[in-house]
Amino acid sequence: MRTQVGIIGAGPAGLLLGRMLQRMGIDAVVLEARSRDYVEGRIRAGLLEQGSVDTLTEEGVAGRLHREGLAHDGLELRFEGENHRIELTALTQKRVTIYGQQEVVKDLIAQRITDGLPLLFDVSDTAVHDIAGKPRITFTHGGVAQELHCDIIAGCDGFHGICRPAIPAEKMAIFDRIYPFAWLGILAEARPASHELIYARHEDGFALATMRSETLTRMYVQCAPDEDLAAWSDRRIWDALHARLARAGLPSQVNEGPIIQKGVTAMRSFVAEPMRYGRLFLAGDAAHIVPPTGAKGMNLAIADVRILARALDDFFHGRGERLMDDYSRICLDRIWKVQRFSWWMTQMLHRYDADDGFEQRVQTAELRYVCGSEAARTTLAENYVGLPYAV
Ligand code: FAS
Ligand code: PHB
């Protein structure tokens with residue numbers, strides 16, 4: 001097999017890159033280890049920055065997003081029983097939209113299949129070769145060993161993929177922070193606690209009330225990093241949510257209902273530099289991980305592939321390799337700003353067990369400052385709705 005760009009991974013990064021290249025007249029093959037049902041059923045991110053919505057709209061894959069997505073103009077910070085609204089749109093003239101990552105993935109897969117473009121599920125034994133020269137991808141599909149010759153390989157295979165490890169360790173710098181807690185997330189058939197997101201800091205730990213629709217609520221509670229899901233009965237989860245999201249003197253807003261999905265998400269900040277080696281380019285979680293407190297993971301993947309697609313457009317259409325050479329630097333500028341914001345939201349809102357009281361007081365002071373200062377609220381808002389794109 002031969003193509004211009006071999007894309008490994010059919011998550012948001014790989015699928016959106018494939019769509020962008022298609023519209024630029026560049027051939028690509030997308031290889032995915034899992035089944036279509038699996039990738040379309042994976043519950044992950046839920047919030048899209050304004051830029052991500054605009055990008056998906058430009059790429060002609062946002063029809064359902066505009067019909068079913070929930071646009072938000074604000075979010076709520078809750079601590080010490082007080083509620084403080086951050087007026088995102090009034091401060092930035094931008095909105096955020098709730099639309100599950102799996103819905104984005106479904107829309108991109110449907111578009112690629114409708115267009116009859118190569119997207120292979122259930123591939124195995126994927127390996128990259130000669131990434132500094134004439135790249136090849138070998139893999140097994142349908143029990144048959146295959147070889148894909150390409151000019152460029154896009155490593156969109158997530159944190160546990162094979163592309164990042166294919167870059168010689170001595171050529172990479174790794175930056176890694178593992179937080180001393182995780183999130184236990186639930187999906188429940190119940191009305192959301194509020195029409196906007198609620199980020200709550202509580203002495204028992206962090207909680208987040210978000211949603212997927214008017215009748216499907218998505219909620220998270222801080223838990224131990226090695227939490228045993230079996231230790232959290234439905235009752236215990238609901239009790240923790242009622243307690244951590246409580247407003248002084250007011251009834252709980254949390255609506256209970258059948259929990260249809262539970263999972264524990266580790267909290268980590270990770271960056272691999274650079275994001276390119278020869279003809280291999282990393283994008284999305286293959287290169288970086290952010291704690292979900294800032295709602296940035298999927299949005300950062302979209303920002304990466306916007307730059308990669310434009311770089312490959314220049315390369316394949318005779319406009320040179322300058323953007324390819326600048327790819328990593330441009331991506332990393334945004335990535336580290338987003339890492340900072342995600343780390344800042346995480347350290348401001350979570351309980352640190354090792355704390356002797358100092359961090360807890362600094363957290364309270366920070367939250368009070370943010371809620372009391374329009375400049376500070378604007379800073380939070382402009383990072384949350386999404387920083388301007390460099391390209
Ligand atoms: P992805 O991991 O989505 O996609 C990579 C794809 O590559 C996968 O489909 C995988 O099967 C495939 N692959 C891997 N190895 C392969 C191989 N060898 N050959 C072929 N294919 C291979 N972000 C938020 O903003 N908010 C959240 O609440 C949130 N929750 C999350 C919960 C979990 C459990 C996880 C793991 C992540 C969460 N994230 C969240 C982050 C998440 O949304 C990522 O940022 C997003 O999926 C990044 O997209 P991709 O880079 O495309 O990687
Ligand atoms: C979600 O809706 O899953 C979500 C929203 C905001 C976050 C994290 C997760 O910060």
Side-chain angles (χ1 to χ4, degrees), residues 6-18 29-36 38-49 52 70 72 75 96-102 104-105 108-109 119-128 137-141 153-166 182-187 192 196-199 206 208-213 216-220 261 263-268 270 282-305 308 338 341-342 345-346 349 384:
I7 300 173
I8 301 178
L15 290 165
L16 182 57
L17 178 63
V29 174
V30 181
L31 304 174
E32 168 55 48
R34 299 286 190 162
S35 70
R36 177 176 181 180
Y38 183 91
V39 298
E40 291 187 348
R42 211 168 25 193
I43 306 288
R44 282 191 171 171
L47 188 128
L48 291 170
E49 295 173 347
S52 296
L70 302 174
H72 287 186
L75 65 84
V96 292
T97 300
I98 284 286
Y99 189 69
Q101 173 174 321
Q102 74 275 22
V104 174
V105 165
L108 286 164
I109 288 173
L119 165 53
L120 278 61
F121 293 103
D122 298 305
V123 307
S124 56
D125 314 318
T126 314
V128 294
I137 305 172
T138 54
F139 59 95
T140 302
H141 186 246
I153 296 176
C156 302
D157 51 348
F159 186 67
H160 301 291
I162 53 102
C163 289
R164 188 179 67 248
W183 281 10
L184 186 157
I186 63 166
L187 202 56
E196 292 179 332
L197 273 68
I198 306 171
Y199 288 81
F206 170 80
L208 169 61
T210 174
M211 73 287 289
R212 288 296 177 268
S213 72
L216 199 58
T217 189
R218 175 79 167 148
M219 306 187 90
Y220 300 90
Q261 195 263 353
V264 175
T265 301
M267 302 284 281
R268 185 171 202 158
F270 177 94
L282 303 180
D285 276 18
H288 43 73
I289 293 285
V290 284
T293 327
K296 291 302 173 193
M298 175 170 52
N299 293 296
L300 212 40
I302 291 172
D304 287 351
V305 298
L308 184 52
V338 168
F341 175 68
S342 304
M345 287 284 279
T346 300
L349 289 163
Y384 194 84

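Just so you know, ligand 1 is whichever comes first in the structure, and atom 1 is the first atom listed for that ligand.
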Search all heavy atoms of [X] against all heavy atoms of [Y] and return the closest pair with its distance.
X	Y	answer
Gly185	Arg218	C-NH1, 3.8 Å
Thr265	Ala182	O-CB, 3.3 Å
Ala283	Ala13	O-CB, 4.2 Å
Phe270	Arg164	CZ-NE, 3.7 Å
Leu108	Pro12	CD1-O, 4.3 Å

For this session: For atom 23 (N) of ligand 1, state whether the nearest protein heavy atom is under 4.0 Å away.
Result: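 Yes, because at least one protein heavy atom sits under 4.0 Å from atom 23 (N) of ligand 1.
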Do any N/O atoms on [X] end up under 3.5 angstrom from N/O atoms on ligand 1?
X	result
Met298	yes
Ile162	no
His160	no
Ala13	yes
Pro12	yes

Taking heavy atoms and a distance under 4.0 Å, where does [X] meet ligand 1: side chain, backbone, both or neither?
X	value
Asn299	neither
Asp285	both
Thr265	side chain

Under 3.5 Å, is there a donor-acceptor pair between the side chain of [X] and the main chain of [Y]?
X	Y	result
Asp157	Cys163	yes
Asp304	Gly284	yes
Glu32	Ala10	yes

At less than 4.0 angstrom from any non-hydrogen atom of [X], what atoms of ligand 1 do you find?
X	result
Gly161	15 (N)
Arg34	11 (O)
Gly158	2 (O), 5 (C), 53 (O)
Gly297	23 (N), 24 (C), 25 (O), 45 (O)
Cys156	5 (C), 6 (C), 7 (O)
Val39	9 (O)
Ile8	19 (N), 20 (C)
Leu31	20 (C), 21 (N)

Answer whether the closest heavy-atom distance between the side chains of [X] and [Y] falls below 4.5 Å.
X	Y	answer
Tyr384	Leu197	yes
Arg36	Leu119	no
Val104	Leu15	no
Phe341	Val290	no
Tyr220	Thr210	yes
Thr126	Ile137	yes
Pro292	Met267	yes
Lys296	Met345	no

For this session: Would you check the N or O atoms of Trp183, main chain and side chain alike, for any that come under 3.5 Å of an N or O of ligand 2?
Result: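 No; the residue has no nitrogen or oxygen that sits under 3.5 Å from a nitrogen or oxygen of the ligand.
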For this session: Examine Pro292 against ligand 2 and note whether any of their N/O atoms are separated by less than 3.5 Å.
Result: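 Yes: some nitrogen or oxygen of Pro292 is under 3.5 Å from one in ligand 2.
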Exercise. Mind checking whether Phe206 and Tyr199 have parallel, tilted or perpendicular rings, split at 30° and 60°?
Worked result: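 Tilted, since the angle between the ring planes falls between 30° and 60°.
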Pick from [options]: the one approaching [atom] most closely through a non-hydrogen atom:
atom	options	value
atom 10 (C) of ligand 1	Lys296, Gln101, Glu32	Glu32
atom 26 (N) of ligand 1	Gly14, Gly9, Gly263, Ala45	Ala45
atom 1 (C) of ligand 2	Met219, Arg212, Lys296	Arg212

Heavy atom of the protein closest to [atom] (residue, atom name, distance):
atom	answer
atom 6 (C) of ligand 2	Tyr199 OH, 3.3 Å
atom 19 (N) of ligand 1	Thr126 OG1, 3.3 Å
atom 14 (C) of ligand 1	Asp157 O, 3.1 Å
atom 21 (N) of ligand 1	Ala33 N, 3.1 Å
atom 4 (O) of ligand 1	Gly11 CA, 3.6 Å
atom 35 (C) of ligand 1	Arg44 NE, 3.3 Å

Exercise. Which bit of Leu197 is near ligand 2, meaning a heavy atom under 4.0 Å away: side chain, backbone, both or neither?
Worked result: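 Within the 4.0 Å criterion, Leu197 contacts ligand 2 through side-chain atoms alone.
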Exercise. With a 4.0 Å heavy-atom cut-off (strictly under), which part of Tyr99 contacts ligand 2: side chain, backbone, both or neither?
Worked result: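 The answer is neither.
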Exercise. Heavy atom of Met345 under 4.0 Å from ligand 2?
Worked result: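 Flag not set, Met345 not near ligand 2.
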For this session: Take every heavy atom of Arg42, measure it against each atom of ligand 1, and state whether any distance is under 4.0 Å.
Result: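 Arg42: in contact with ligand 1 (<4.0 Å).
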Problem set entry | Any Tyr220 heavy atom less than 4.0 Å to ligand 1 |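 True for this residue.
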For this session: Could you tell me whether Arg268 atom CZ has more than 12 heavy atoms of other residues or ligands within 6.0 Å of it?
Result: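 It does: Arg268 CZ has more than 12 such atoms within range.
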Exercise. Passes side chain to side chain contact (heavy atoms under 4.5 Å, CB included), Asp122 versus Ser35? Steps please.
Worked result: CA-CA 5 Å; Asp122 298 305; Ser35 70; 3.5 Å; yes
